[in-house]
Amino acid sequence: LRHLLRLFPALNPENSRVTSPQTQAYNCFAWAAGDAERWWQPDSFGIYYWPPSAGSDVSIASVEAAYACLGYSPCKSGSLEPGVEKIAVYADATGRPTHATRQLKNGLWTSKCGAYEDIEHELLALSGKEYGNVELFMQRPRPAATVGTG
Amino acid sequence: MKSSQKRSRTRDVPTHPAVKKAPELTGEVFGVPGHTVAVGRGSHTGVVRWLTPDREFGFVELERGGQVFVHTHATGGALPKPARRGELVRIEIKTSKALPPAKTILATMNFDPVVMKKAERTPTRARARGAGRTADEPDEAARPCGRAGADKTARDRFDKLAKRWLAESRHMSDVTAMVMLPSYQEIVGIGPDAVPLMLERLKRAPEHWFWALRAITGANPVPDADRGRVSAMAQEWVNWGHEHGVID
């Protein structure tokens, strides 16, 4: 966790824990979507996976469209609600999406930090210089099973 | 070719009135550390070394020496159709802003079709490597690559840049931001000689060299079904390298 603590000053051993090994197999956008086998990325080269109807630009709108394909719709907050699964999308100061995280049943959030590990954390623990701040919350009825539901 | 010789060939290229009518484009220009320039504001002229098939970005070798990376990702546009490899373009640097990543400079590009014809006869470093096509050949064609066994200097430089890039980007999930880091762009700027080095790394570990490989070679051996499956993508690129004799 030490390498992540250096990057995210608000993260600490009390509000987070590592839950997987490091891997390049998937990234945060995939992990938030419940996919641990692909790297999700909008790109005009068509190199990575991205829901075809969600566009190829790196924008909040494209991320919102991608998660809408999975049944998510925008909501107001990341508060824990029974029977509801939420995701939060971070963006930098220019509005460019940098990270996505998914809420667990216990109210904490699960994130894949690039090629680093999955971590369980409090929502605000990843806010800051690297990922910016949460700019979008989305929700859907919590499915029976999602990868990493905790 | 020495930069002084290159300058002497292109310095007397006249500015044609058509340049005023040429399409303008706001894009970004990166200085590429290593072979490069402190790009200042004002007018710069250079030869297009290569462009991506979708004309989203490319490298321009400046008349004054060095090269700049030009891309339109930020604006969502594409480089104007007249811009092809081997053609001369005029880059008007209008503003310089400290956008992330550092060294990003907003620029406007003008393309002068008359100057381009002269540029077609101007040897570039890329052509000297055997990568040259005429301006009439399609950009979509796969481009030649270096071969395995790059000299130690190139390998050392690549390894140093790769190490730096992996350290800088490891926490990032947005590949388009990862590949815009100067260390990655400098690797792209190495061009065909970097291809076997990237493929050798992919044989050992699935790292994100796909964007650079796609950009440099023009190839895309990954089937749609494997998009995003990083290990499969790595293996398909390694297979491609074997099939094209790029790696052993």
Side-chain angles (χ1 to χ4, degrees), chain A residues 3-8 11 22-33 35-52 55-59 62-63 89-94 96-101 111-117 119 126 128-132, chain B residues 52-57 71-78 97 99-101 104 165-180 201-202 204-234 236-237:
Chain A
H3 48 281
L4 293 172
L5 299 183
R6 277 198 296 270
L7 289 163
F8 305 103
L11 203 65
Q22 296 187 11
T23 176
Q24 297 266 13
Y26 57 95
N27 63 348
C28 69
F29 298 118
W31 182 244
D35 184 347
E37 296 183 350
R38 288 181 294 196
W39 192 283
W40 285 38
Q41 171 72 51
D43 74 287
S44 58
F45 271 178
I47 293 173
Y48 294 91
Y49 175 76
W50 194 246
S56 62
D57 60 314
V58 184
S59 66
S62 180
V63 174
V89 181
Y90 293 70
D92 65 17
T94 69
R96 186 184 179 94
T98 55
H99 182 69
T101 182
S111 282
K112 176 73 160 65
C113 299
Y116 284 129
E117 300 90 343
I119 59 169
L126 294 183
K129 179 186 168 193
E130 298 296 338
Y131 287 167
Chain B
T52 53
D54 57 5
R55 299 172 189 279
E56 188 177 21
F57 80 92
H71 87 94
T72 58
H73 185 82
T75 58
K97 292 174 65 177
L99 297 174
T104 299
W165 176 71
L166 288 167
E168 290 170 343
S169 66
R170 194 156 182 82
H171 68 290
M172 298 167 72
S173 286
D174 175 5
V175 176
T176 60
M178 292 161 67
V179 303
M180 287 302 151
R201 288 191 72 102
L202 284 180
R204 299 193 298 268
E207 299 166 344
H208 292 274
W209 302 112
F210 314 114
W211 196 88
L213 288 167
R214 174 82 167 88
I216 295 172
T217 67
N220 186 10
V222 179
D224 282 351
D226 283 339
R227 284 171 59 173
R229 299 183 192 281
V230 181
S231 291
M233 293 164 70
E236 279 144 8
W237 269 106

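Proteins come first, then strands; the chains are lettered A, B, ... in the order of their sequence lines, and each starts at number 1. The shown structure was predicted, so the numbers you read here are calculated from the model rather than taken from an experiment.
In terms of heavy-atom pairs under 4.5 Å with chain B, the best-connected choice from Arg38(A), Lys112(A), Glu130(A) is Arg38(A). In terms of heavy-atom pairs under 4.5 Å with chain B, the best-connected choice from Tyr116(A), Tyr49(A), Phe29(A) is Tyr116(A).
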From CA spacing to verdict: side-chain contact (heavy atoms from CB on, under 4.5 Å), Arg96(A), Thr176(B): CA-CA 11 Å; Arg96(A) 186 184 179 94; Thr176(B) 60; 2.5 Å; yes
Test side-chain contact (heavy atoms from CB on, under 4.5 Å) applied to Trp39(A) and His208(B), step by step: CA-CA 10 Å; Trp39(A) 192 283; His208(B) 292 274; 3.3 Å; yes
Stepwise side-chain contact (heavy atoms from CB on, under 4.5 Å) test for Gln22(A) and Arg170(B): CA-CA 10 Å; Gln22(A) 296 187 11; Arg170(B) 194 156 182 82; 2.8 Å; yes
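In this structure, chain B has a heavy atom under 4.5 Å from the side chain of Leu7(A), while its backbone stays farther away. Neither the backbone nor the side chain of Tyr26(A) comes within less than 4.5 Å of any heavy atom in chain B.
Scanning all heavy atoms of the two residues, the minimum distance from Ile47(A) to Arg214(B) falls at CD1-CB, 4.0 Å. Ser173(B) and Gly114(A) make their closest contact through OG-N, 3.5 Å (heavy atoms, listed as atom of the first residue, atom of the second, distance).
Between Val58(A) and Asp174(B), the closest side-chain pair of non-hydrogen atoms falls below 4.5 Å.
Under the rule for a side chain to side chain donor-acceptor pair (under 3.5 Å), Tyr90(A) has no partner lying at least two apart in sequence or in another chain.
In this structure, NE2 in His171(B) is found 11.0 Å from NE2 in His99(A), a value given to the nearest 0.5 Å.
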All N/O donor-acceptor pairs, side-chain side in residues 222-231 of chain B, below 3.5 Å, sequence neighbours left out:
from, atom 1, to, atom 2, distance (Å)
Arg227(B), NE, Gly46(A), O, 3.0
Arg227(B), NE, Tyr48(A), O, 3.0
Arg227(B), NH2, Tyr48(A), O, 3.1
Arg229(B), NE, Ala225(B), O, 3.4
Arg229(B), NH1, Glu37(A), OE1, 3.3

